[in-house]
Amino acid sequence: MPELPEVETIKNALKKVVLSQKIVDVVVNNPKVIKEPSVKEFVKDLEGATITDVLRKAKLLILELSNAKSLCIHLKLTGQLIYPGNPSLSRISFKLSNGNFLDFRDQRLLGELRLVKDWRSLKFIQELGPQPFEITFGEFKKMLENKKTPIKILLMDQTFISGIGNLYAAEILFRAGIHPKRAAYLLLDKEKEVLFKEMLATLKEAIAHKGSSVDQYVQLSGEPGEYAKYHKVYGRENLPCLVCKTPIKRISLGGRGTYFCPKCQK
DNA sequence: AATGGGACCTGCGCGC
DNA sequence: TGCGCGCAGGTCCCAT
């Protein structure tokens, strides 16, 4: 569930505490999450490196290091970064020069850590579509042309537009009043405009509220994000729509649970 | 080429 | 009570 707003929240918090810290030790409790290079090299190359910058690209978190390498962290479904951490609770912990640990925790072990020379050339990065804040309405409108895919699937397609996942796709479409199954190319210009506006507004508000803690996501401090209380549809199956009181429906679309209001979303 | 489903994982909640 | 099953969803990979 960490999507763009959650990863952005973690990035902002990380920048305040880890910049110019040196990684003095790496604790590997579960090597499974280290995808690249070998565990041995991963540890060896990280020890002694100083964190020079923290970046986010879509849902990927990037820690740039003084040794010209970057530590790329994908939280996937249940990954967490916690600071100050506790290595007895983590999959991987990084001991910093100030004596504190930065933990990577991950209940389901689907998260991925990579130490690479050039994160920009990672296949995953190369294939990402633009992030929502990087495009104009004109460009967005053009991107939707000829796309017969249901709009929700398109919003979640990282090669189309990057950073939006299942939760925010549902919330954005509710706010735009658009049914998740609508074919993208059949949306009216007016609807595309509202969709674009609500996409940016929803992500912006979610960042302002430090993300949505519905399952595993927490901020770097371990505190929950506050945006879940503003959710209109996600996780609200059978509960009354907050606008029209019609029960919120849940369908499966592209293999994902999809929540919407059958009356408000056409 | 675009789409669909399974795999990767674990823990939770449900029904019997 | 306890067990087994389905489900949660980001991304990759393979099949159609």
**Study point:** Side-chain N or O of H74(A) closer than 4.0 Å to phosphate OP1/OP2 of dG10(C)
**Key:** no

Review point. Base, sugar-phosphate, or nothing for T149(A), non-hydrogen atoms under 4.0 angstrom?
Key: sugar-phosphate

Point to revise | Strand-adjacent residues in residues 200-213 of chain A, judged by heavy atoms under 4.0 Å from DNA chain B | key: none

Point to revise | Aromatic ring proximity, centroids under 6.0 angstrom, F124(A) and H74(A) | key: yes

**Study point:** 5' priority, DNA chain C, between L110(A) and K123(A) [closest heavy atom]
**Key:** L110(A)

Exercise for review: Would you kindly give the NZ-to-C1' distance between K32(A) and dC8(B), to the nearest whole Å?
Suggested key: 9 Å

Point to revise | Side-chain cluster (under 4.5 Å, hydrophobic types only) that F101(A) belongs to, other residues | key: V27(A)

Practice item. Could you check whether K148(A) gets within reach of a base, just the sugar-phosphate, or nothing at all, counting any heavy atom under 4.0 Å? Key: nothing

Point to revise | Interatomic distance where CD belongs to Q216(A) and C1' belongs to dT10(B) [whole Å] | key: 9 Å

Review point. For N146(A), does the CG atom have more than 12 heavy-atom neighbours from other residues, nucleotides or ligands under 6.0 Å away?
Key: no

Exercise for review: Rounded off to whole Å, could you give me the CG-to-C1' distance for the D157(A) and dA1(B) pair?
Suggested key: 13 Å

Review point. With distance as the sole test, does S162(A) use its side chain to make a donor-acceptor pair with the main-chain N or O of Q158(A) at under 3.5 Å?
Key: no

Practice item. Check the distance between dG10(C)'s C1' and K35(A)'s NZ and give it to me in whole angstrom. Key: 13 Å

Practice item. Using a cut-off of strictly less than 4.0 Å, decide whether Y234(A) has a side-chain nitrogen or oxygen near OP1 or OP2 of dG9(C). Key: yes

Point to revise | Listed partners of F42(A) passing ring-ring contact (aromatic ring centres under 6.0 Å, His included), at least two apart | key: none

Exercise for review: Would you indicate whether K181(A), at its atom NZ, is surrounded by more than 12 heavy atoms from other residues, nucleotides or ligands within a distance under 6.0 Å?
Suggested key: no

Point to revise | Whole-Å distance separating the CD atom of E127(A) from the C1' atom of dC12(C) | key: 10 Å

**Study point:** Closest to side chain of R108(A), choosing from dC12(C), dT10(B), dG10(C)
**Key:** dT10(B)

Practice item. On DNA chain B, check which nucleotide each of K147(A) and G255(A) is closest to and give me the residue with the more 5' one. Key: K147(A)

Review point. Would you write out the dot-bracket form of DNA chain C, 5' to 3', with Watson-Crick and G-U pairs under 3.5 Å, [ ] for crossing pairs, | for pairs to other strands and . for unpaired bases?
Key: .|||||||.|||||||

Exercise for review: Select base, sugar-phosphate, or nothing to describe what G254(A) touches, counting heavy atoms under 4.0 Å on all strands.
Suggested key: nothing

Exercise for review: Please assess R182(A) against E191(A) for the test salt bridge (charged side-chain N to carboxylate O under 4.0 Å, His left out), listing each intermediate value before the final yes or no.
Suggested key: CA-CA 11 Å; R182(A) 289 277 299 283; E191(A) 291 176 314; 2.7 Å; yes

Review point. When we call it a touch if two heavy atoms are under 4.0 Å apart, what does E112(A) touch: a base, just sugar-phosphate, or nothing?
Key: nothing

Review point. Starting at CZ of R91(A) and ending at P of dT10(B), how long is that distance when rounded to a whole Å?
Key: 7 Å

Check your understanding: L77(A) near the nucleic acid: base, sugar-phosphate alone, or nothing, with a heavy-atom cut-off under 4.0 Å?
Key -> base

Review point. Using atom P of each nucleotide, how far apart are dT11(C) and dA1(B) to the nearest Å?
Key: 23 Å

Review point. Going by side-chain heavy atoms closer than 4.5 Å, which hydrophobic residues are tied to L110(A), directly or by a chain of links?
Key: L77(A)

Review point. Would you say I248(A) and Y234(A) make side-chain contact, with heavy atoms under 4.5 Å?
Key: no

Revision key, fill the gap. The nucleotide from dC9(B), dT11(C), dG10(C) with an atom nearest the side chain of Q158(A) is dT11(C)

Review point. How many Å lie between CD1 on I34(A) and P on dC8(B), as a whole number?
Key: 20 Å

Review point. Considering residues, nucleotides and ligands other than K141(A), do more than 12 of their heavy atoms fall under 6.0 Å from its NZ?
Key: no

Pairs under 3.5 angstrom only: tabulate donor-acceptor contacts from the side chains of residues 80-88 of chain A to other protein residues two or more places apart or in another chain.
residue	atom	partner	partner atom	Å
Q80(A)	NE2	Q216(A)	O	2.6
Y83(A)	OH	N98(A)	ND2	2.8
Y83(A)	OH	N100(A)	ND2	2.9
N86(A)	OD1	S88(A)	N	3.0
N86(A)	OD1	S88(A)	OG	2.8
N86(A)	ND2	S88(A)	OG	3.4

Practice item. Indicate, yes or no, whether a donor-acceptor pair under 3.5 Å links the base of dT10(B) to the side chain of R105(A). Key: no

**Study point:** Whole-Å distance separating the CD atom of Q80(A) from the P atom of dT10(B)
**Key:** 16 Å

